[in-house]
Protein chains: 2
Amino acid sequence: MRAEKRRQLERAGWAIGDAGDFLELSAEERRFVDVKLALADGLRRRRERLGLTQSAMADRLGSSQSRVAKMEAAHRSVSTDLLLKSLFRLGASPADVARLLTTKARTYAA
Amino acid sequence: MRAEKRRQLERAGWAIGDAGDFLELSAEERRFVDVKLALADGLRRRRERLGLTQSAMADRLGSSQSRVAKMEAAHRSVSTDLLLKSLFRLGASPADVARLLTTKARTYAA
DNA sequence: TGTGCGTATGTCAGATCAGACATAGAATGG
DNA sequence: CCATTCTATGTCTGATCTGACATACGCACA
């Protein structure tokens, strides 16, 4: 469970030390990452629900396929600004976003 | 009501055209601004609840007074990343953030 | 009036993020 | 096996954000 989540974080480019357990992340960093993962996940589900490929979605967002892939991976090079703007462009409301935060966040809480 | 909200946005540096009514903002832009205003407001209330000045809070956040002022004004030079990280550093949880979004967002909805 | 304290605004150099492109990997169908 | 299609990763250049500093504003209260 923890190992799997750690893998997910590392794939997202968080470069958590090999020796250093990812619990080195401070509470606020963990929460921030939680939020990003929740938004990223919501974005992917929304795209799939719309039956779009990453490229199609990139067009719709005025972005590129590679950036969409990174958004969905919650890569550290994507900001929450980008995630939020993308969600909103796909029709999400602030309430939808709030729901993502409450239902998805803290999945890998220590 | 609308005029007041517009003033708030302009103070925040959104430079909405004089002629162009702020309704020119697209739906997703409005939602994004809503979210920023909600987070900014939550941050200010949290600071006041803690009885901190902007300078004291800046120290705690590792930032500067001017930046805190801009955060609270939801100035366009501050990202939601910064707002979220700041809220979390002050002890907020993702659920708290979600609450901010549902109770505060869409205040000036058309 | 002027002094002090808190807040707001303008600007800048360095840091981070954006979209784009190339390319690699994974999965499916022939 | 090879194509095709979709997704993932690395890297570049220009754009945006960050903390800091200076300075202005607002409001008390002597």
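Throughout, protein chains are lettered first and strands after them, A, B, ... in sequence-line order, and every chain is numbered starting at 1.
The interatomic distance linking A:Met71 (CE) with D:dA8 (C1') rounds to 14 Å, in whole Å. Following rounding to the nearest Å, B:Arg76 (CZ) and D:dA15 (P) show an atom-to-atom distance of 16 Å. Computed from coordinates, the A:Leu52 CG to D:dT5 P distance equals 17 Å when rounded to whole Å. Atom-to-atom, CE of A:Met57 to C1' of D:dT7 comes out at 12 Å; the value is rounded to the nearest Å. Rounded to whole angstrom, the span from the CZ atom of B:Arg89 across to the C1' atom of D:dT18 amounts to 13 Å. Atom pair B:Leu43:CG and C:dT7:C1' shows a separation of 14 Å (rounding to whole Å applied). Taking atom CD on A:Glu72 and atom C1' on D:dT9, their separation rounds to 14 Å, with Å as the unit. One interatomic measurement links the two molecules: CG of A:Asp81 to C1' of C:dA18, which rounds to 11 Å at whole-angstrom precision.
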What verdict does the side chain to side chain contact (heavy atoms under 4.5 Å, CB included) test give for A:Gln54 and A:Arg47, after you've listed the backbone C-alpha separation in whole Å, the side-chain angles of each residue and the deciding distance to 0.1 Å?
CA-CA 8 Å; A:Gln54 289 184 345; A:Arg47 173 176 67 82; 3.6 Å; yes
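A distance of 9.5 Å separates CD of B:Glu48 from CE of B:Met57, quoted to the nearest 0.5 Å. The distance from the OG atom of B:Ser79 to the NZ atom of B:Lys85 is 7.5 Å, given to the nearest 0.5 Å.
Checking D:dT7, C:dA8, C:dC17 against every side-chain atom of A:Thr53, the shortest atom distance belongs to D:dT7. Here the side chain of B:Arg67 is nearest to one of D:dG19, C:dC17, C:dA8, namely D:dG19. Of the listed nucleotides (C:dG19, C:dC17, C:dA22), C:dA22 has the atom at the smallest distance from the side chain of A:Ser66. Of the candidate nucleotides C:dT7, D:dT7, D:dG19, D:dT7 has the atom nearest to the side chain of A:Gln54.
Dashed line: the shortest gap from a side-chain N or O of B:Ser77 to OP1 or OP2 of D:dT16 is not under 4.0 Å. Between B:Arg44 and C:dA8 there is a side-chain polar atom (N or O) within less than 4.0 angstrom of OP1 or OP2. Between A:Arg47 and D:dC6, a side-chain N or O to OP1/OP2 separation shorter than 4.0 Å is absent.
Contact of A:Gln65 with C:dA20 (side chain to base): no donor-acceptor pair of N or O atoms is detected under 3.5 Å. The base of D:dG19 lies outside donor-acceptor range of the side chain of B:Lys70, with no N or O pair under 3.5 Å.
A:Ser63 comes within 4.0 angstrom of sugar-phosphate atoms only, judged by non-hydrogen atoms across all strands, and of no base. In this structure, B:Val78 reaches the sugar-phosphate backbone alone: every heavy-atom distance under 4.0 Å involves primed, P, OP1 or OP2 atoms, never a base.
Considering all non-hydrogen atoms of both residues, B:Gly42 and B:Leu87 come closest at C-CD2, 4.1 Å.
Between the side chains of B:Arg67 and B:Ser77, a donor-acceptor pair is found at a separation under 3.5 Å.
Judged by closest nucleotide on DNA chain C, B:Glu48 is the one of B:Glu48 and B:Lys85 placed further toward the 5' end.
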